[in-house]
Number of protein chains: 2
Amino acid sequence: MASNTRERIVNTTAELFRRQGYVGTGLKQIVAGADAPFGSVYHFFPGGKEQLGAEVIRVSGQFYEDLVTAVWDAAPDVVTAVADMFAGAAETLRETDYADACPIATVALEVASTNDVLRAATADVFSAWIDAAVDRLTDASIEPAKAREVAIATIALLEGAFILSRATRTTEALEAASQTAVAQVRAALPGSGGRAAGGGRSIAR
Amino acid sequence: MASNTRERIVNTTAELFRRQGYVGTGLKQIVAGADAPFGSVYHFFPGGKEQLGAEVIRVSGQFYEDLVTAVWDAAPDVVTAVADMFAGAAETLRETDYADACPIATVALEVASTNDVLRAATADVFSAWIDAAVDRLTDASIEPAKAREVAIATIALLEGAFILSRATRTTEALEAASQTAVAQVRAALPGSGGRAAGGGRSIAR
DNA sequence: GTCTATAAACCGATAGAC
DNA sequence: GTCTATCGGTTTATAGAC
C-alpha cells in the first residue's frame, strides 16, 4: 500500500483552505495538522505550495461535486434537487459554526489576480460544476442554452449566499438564495409558461 | 488641511485588498504604494493592520454602496436598475482585467473564521447593502418581506458571479446572473402574477 | 521515504531620532 | 507628523542525515 502521508497532507490542506484560504495557510500548519514531517511536503510536491494548492483545489472540487450531485440525483425532480442542495448547505454551515462552506471560493478570489496556475485550477473546477448541473437540467428537458444560464446562476446564488451567510453568521442568505434558485429552475421547465412563483410542483426529471 | 497621508494609505490598502485580499497584502506593500513612511501606519492606526483593515472595509463598503445606488437611482425602474448594475459590473471587470470586483468579498471569506473584528465589519457592510436595496424595492411597491428576500438574492447573485467571472476570466457568469436577477425582481413586482420570464417591461418605481 | 536543521526572505510591530 | 533601523517571529524552501 502506498504512503498515506501524502493523502493526509492533501486532506489537511483542503480543510485549512476552506477556513483560512490559500495565503493564510502555512506549510508548517499543514504538516502539523497532518502529523507529517515537513520534508514530506517537498517530497510529494516538488513544486512546493503552489503544486500542493493546485492539487487540493482539484481534489476538493471533485469531492464537492460528487457530494452535491449525490444529493441532486437522490431528489425526485430538479426543483426539489436544488432546494435540497441549499438546505443541505445551510445545515452544514450551521453545524460547522459557519466554517465549512465552499472549498474553492476563498482561494479563487485570493488567487484570481495573483497566481494564474491556481486561478486556472479554480476555473476548471467551476467549469466542471457548471457542466454537471447543465447535464441534469437538460435531462429535465430544459433547453441547453437556458440550462447553462440557470446552472451558472444557481452556482452563483450558492456561492454568493455562502459569503453573506459566513459573514453574518446566519443562514438567511442561503434561504433567500434558495427561493430564487428554485423559482428560476421552475420557470425554466417546459410548460411552466415562465412562471417563477406559485405553488405548482413540477415532476419533471 | 489635515494630512492626506492617512487617506493615501486607506485608498492604497483598499485597492490592494480587492486584488490580493487581507492576508495577502503586506504593510510594507501598502506604504510603498501609498508613498508613505512605514511609521505612518502605526501613527494613524495604533491598532495596526487589523484597525486599518476594519476601516478600509467600512470605507470601501460605503464607497461601493454609493456607486451602486447612484447607478440604481439613475435607472427609470427597478428592473432596469438591476440590469444596469450587472452590466456596469461586467464592464468594470473587463476594463480592469478581471481585478476590480467586490472590495469586500475576498476579505469576508478570508476572515470569516479567523478574525471576528474584521468579520463583523464585513457583516455590517453587507447589512447596509441589503437595507439600501430593500428600500428601493419597497419603493417599487414590493412587500417588505419579499423585498428583503429579493435584495439578498440579488447581492448573492452579484457576488457569486464575481467569483465565477474572475476565475474564468469571462463575463458569462455576470450575464447569466443578471438574467436571473432581473427575472426575480420582475416576478416580485405587484401585478406580475409571479411571472419571471417574458417580455413585459414594468414601469414600477 | 522519513525527518531535522537551517537558510534566506518576509511579516507585523516597535523604538527612537528628527 | 515623518522617517529609519531593527526586533522577534514567521514564511517558503533547501540540504543532508538517517
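Each chain gets a letter, A, B and so on, in the order its sequence line appears, and its residues count up from 1.
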Looking at [Y] and [X], is any side-chain nitrogen of the basic one under 4.0 Å from a carboxylate oxygen of the acidic one?
{"X": "B:Glu149", "Y": "B:Lys146", "result": "yes"}
{"X": "A:Arg119", "Y": "A:Asp116", "result": "yes"}
{"X": "A:Arg6", "Y": "A:Glu55", "result": "yes"}
{"X": "B:Glu15", "Y": "B:Arg18", "result": "no"}

Between [X] ([atom1]) and [N] ([atom2]), how many Å, whole number?
{"X": "A:Phe45", "N": "C:dG1", "atom1": "CZ", "atom2": "C1'", "result": "14 Å"}
{"X": "A:His43", "N": "D:dT14", "atom1": "NE2", "atom2": "P", "result": "15 Å"}
{"X": "B:Arg8", "N": "D:dT2", "atom1": "CZ", "atom2": "C1'", "result": "11 Å"}
{"X": "A:Ile9", "N": "C:dT2", "atom1": "CD1", "atom2": "C1'", "result": "11 Å"}

* Asked: B:Tyr42 ring centre to B:Lys49 NZ or CZ under 6.0 Å, with the angle to the axis within 45°?
  ->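 No, B:Lys49 and B:Tyr42 do not form such a contact.
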* Asked: Going by the side-chain hydrogen bond (donor to acceptor under 3.5 Å, both in side chains) test, which pairs reach into residues 120-135 of chain A, not counting sequence neighbours?
  ->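 Only A:Arg58-A:Asp124 qualify under side-chain hydrogen bond (donor to acceptor under 3.5 Å, both in side chains).
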Please write out each protein N/O paired with an N/O of nucleotides 9-13 of chain D under 3.5 Å, distance rounded to 0.1 Å.
unit_1	atom_1	unit_2	atom_2	d
D:dT12	OP1	A:Leu27	N	3.4
D:dT12	OP1	A:Lys49	NZ	3.1
D:dT12	OP2	A:Leu27	N	2.7
D:dA13	OP2	A:Tyr42	OH	2.6
D:dA13	OP2	A:Lys49	N	3.1
D:dA13	O5'	A:Tyr42	OH	2.9

* Would one find a side-chain N or O of A:Thr5 under 4.0 angstrom from OP1 or OP2 of C:dG1? ->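 No, outside the criterion.
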* To do: Find which nucleotide of DNA chain C each of A:Asp35 and B:Gly39 is nearest to by heavy atoms, and output the residue with the more 5' nucleotide.
  =>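 Between the two, 5'-proximity favours A:Asp35.
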